[in-house]
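Quick notes on the structure that follows.
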Number of protein chains: 2
Amino acid sequence: MGASKTDHFTEKQNQLAAIAKALGHPARVAIIEYLLSVDSCICGDIVNVLPLAQPTVSQHLKELKNAGIIKGNIEGNAICYCINEETLSILQAFFSHINNHLQNKKSNCCYII
Amino acid sequence: MGASKTDHFTEKQNQLAAIAKALGHPARVAIIEYLLSVDSCICGDIVNVLPLAQPTVSQHLKELKNAGIIKGNIEGNAICYCINEETLSILQAFFSHINNHLQNKKSNCCYII
DNA sequence: TTATTATATTGCAATATTACGATAAAGATT
DNA sequence: AATCTTTATCGTAATATTGCAATATAATAA
């Protein structure tokens, strides 16, 4: 098939998966890291930083924006992108949830491999 | 093409992306949530819990294992899977890193959209 | 030994992703 | 207006992912 059966999962599960998926490419991780490293959030030089052609970078930016991980507004003939903390906090909450459970449990199986 | 140019990114970026990518499917999020919800980490009944056929579930489990998100060992004719905290802590560290940067910055652009 | 049970692998079809050249769109500059 | 600059979109090729039926594998139960 190739298409995920999103109908059969909860909204939360689909939401988490969508955010994680958007982070699931090294170029997009690199974009996030770059956005963090620059003081300004005007990021017209992302193309020069990445080892990818301009249309490809534009496509990755679009995916990050669709997933809500970055947000931006038009600034003349450039685009101002920056990280959307709200979206990333959803993933963070998921990890907190995981941590809480794991600490309560202190799992003692699966010690091999 | 379809193949990521992983050579052109850092090991760290590829590692983060691989972990995020493995979480980037609702079925795999559901598997993680199920592993958290059960007290035991014997998870032979995952197939019954998910709306997917057994081979598909097995494939998702394999991907989670390849990414290091779950670990498991053979227990008779069943498999014992559980969450690998070490791997998830890599993603958590990334988010801490992001948080630190964002708090220092208090970004004041991108207020529209 | 012969089922039975549980998970993994294979093979394949449908769809998605990745990448980039060519081109478009739109504000800035001259 | 004509040109430059920057980002977006289109079209397309190569590859990856998703899902499942069929089958294999391996331990357990009879």
Side-chain angles (χ1 to χ4, degrees), chain A residues 1-9 13-14 17-18 20-31 34-35 40-67 70-82 110 113, chain B residues 1-9 13-14 17-18 20-31 34-35 40-67 70-82 110 113:
Chain A
M1 303 267 168
S4 303
K5 299 175 94 181
T6 49
D7 303 355
H8 300 145
F9 298 99
Q13 286 164 345
N14 284 318
K21 189 176 185 180
L23 286 175
H25 191 288
R28 296 195 285 268
V29 171
I31 289 172
Y34 180 72
L35 277 172
S40 159
C41 83
I42 296 160
C43 2
D45 47 353
I46 276 190
V47 175
N48 304 320
V49 176
L50 293 174
L52 296 169
Q54 180 268 324
T56 309
V57 174
S58 185
Q59 204 173 320
H60 283 306
L61 287 169
K62 191 179 175 184
E63 265 171 79
L64 283 170
K65 197 171 180 184
N66 283 341
I70 62 175
K71 55 186 175 179
N73 47 306
I74 295 163
E75 295 238 334
N77 66 342
I79 283 281
C80 168
Y81 281 125
C82 66
C110 299
I113 285 183
Chain B
M1 303 262 167
S4 303
K5 300 176 96 180
T6 49
D7 306 354
H8 300 147
F9 297 99
Q13 286 164 346
N14 284 318
K21 189 177 184 178
L23 286 175
H25 191 289
R28 297 196 285 268
V29 171
I31 289 172
Y34 180 72
L35 277 173
S40 159
C41 84
I42 295 160
C43 0
D45 48 352
I46 276 188
V47 175
N48 304 321
V49 176
L50 294 174
L52 297 169
Q54 181 268 324
T56 308
V57 173
S58 185
Q59 202 174 323
H60 283 305
L61 287 169
K62 191 180 175 184
E63 266 171 78
L64 284 171
K65 197 173 181 183
N66 283 342
I70 62 174
K71 54 187 176 180
N73 47 309
I74 295 163
E75 297 236 335
N77 66 345
I79 283 281
C80 169
Y81 280 124
C82 67
C110 300
I113 282 185

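Only this structure's heavy atoms are used, side chains among them; waters, hydrogens and symmetry mates stay out. Fair warning: this is a prediction, and the values are worked out from it, not measured in the lab.
Taking the side chain as every heavy atom from C-beta outward, A/Ser58 and A/Gln54 approach each other to under 4.5 Å. For the pair A/His60/A/Leu50, no side-chain contact is recorded, criterion being any heavy-atom separation below 4.5 Å from C-beta on.
Separating the CD atom of A/Gln59 from the P atom of D/dA8 is a distance of 11 Å, rounded to the nearest angstrom. Whole-Å rounding puts the A/His8 NE2 to D/dG19 C1' distance at 12 Å. In this structure, CG of B/Leu52 is placed 15 Å from C1' of D/dA21, rounded to the nearest angstrom. Residue B/Leu50 contributes atom CG, which lies 14 Å from atom C1' of D/dT18 at whole-angstrom precision. Distance, A/Lys62 NZ to D/dT6 P: 22 Å, rounded to whole Å. Atom CD1 of B/Ile31 is separated from atom P of C/dT7 by 12 Å (rounded to the nearest Å). For A/Leu64 and C/dT18, the CG to P distance is 11 Å, given to the nearest whole Å. A/Leu61 places its CG atom 9 Å from the C1' atom of D/dT7, with the value rounded to the nearest Å.
In this structure, B/Glu63 reaches the sugar-phosphate backbone alone: every heavy-atom distance under 4.0 Å involves primed, P, OP1 or OP2 atoms, never a base. Residue B/Ser4 is classed as a sugar-phosphate contact, given heavy-atom separations below 4.0 Å to backbone atoms only.
Closest-nucleotide positions on DNA chain D for A/Val57 and A/Ala3 were compared, and the one nearer the 5' end corresponds to A/Val57. Residue-to-nucleotide proximity on DNA chain D shows that, of B/Thr56 and A/Ser58, the 5′-proximal contact is made by A/Ser58. If B/Pro55 and A/Pro51 are placed on DNA chain C by their nearest nucleotide, the residue sitting closer to the 5' end is B/Pro55.
No hydrogens or angles were tested; on distance alone, nothing pairs the side chain of B/Gln54 with the base of C/dA6 as donor and acceptor under 3.5 Å.
Comparing C/dA19, D/dA21, C/dT17 by their nearest atom to the side chain of A/Lys21 picks out C/dT17.
Summarising the geometry of B/Ala18 relative to B/Ala67, their closest heavy-atom pair is O-CB, 4.2 Å, with the distance given to 0.1 Å. Nearest heavy atom pair, residue A/Leu23 against residue A/Val29, reads O-CG2, 3.3 Å. A pairwise comparison of heavy atoms in B/Val49 and B/Tyr34 identifies CG2-CE1, 3.6 Å as the closest pair.
Dashed line: the shortest gap from a side-chain N or O of A/His25 to OP1 or OP2 of C/dA19 is under 4.0 Å. Considering only side-chain N and O atoms, B/Tyr81 lies under 4.0 angstrom from the phosphate OP1 or OP2 of C/dA8. Contact annotation: B/His60 reaches the phosphate of D/dG19 (side-chain N/O to OP1 or OP2, under 4.0 Å).
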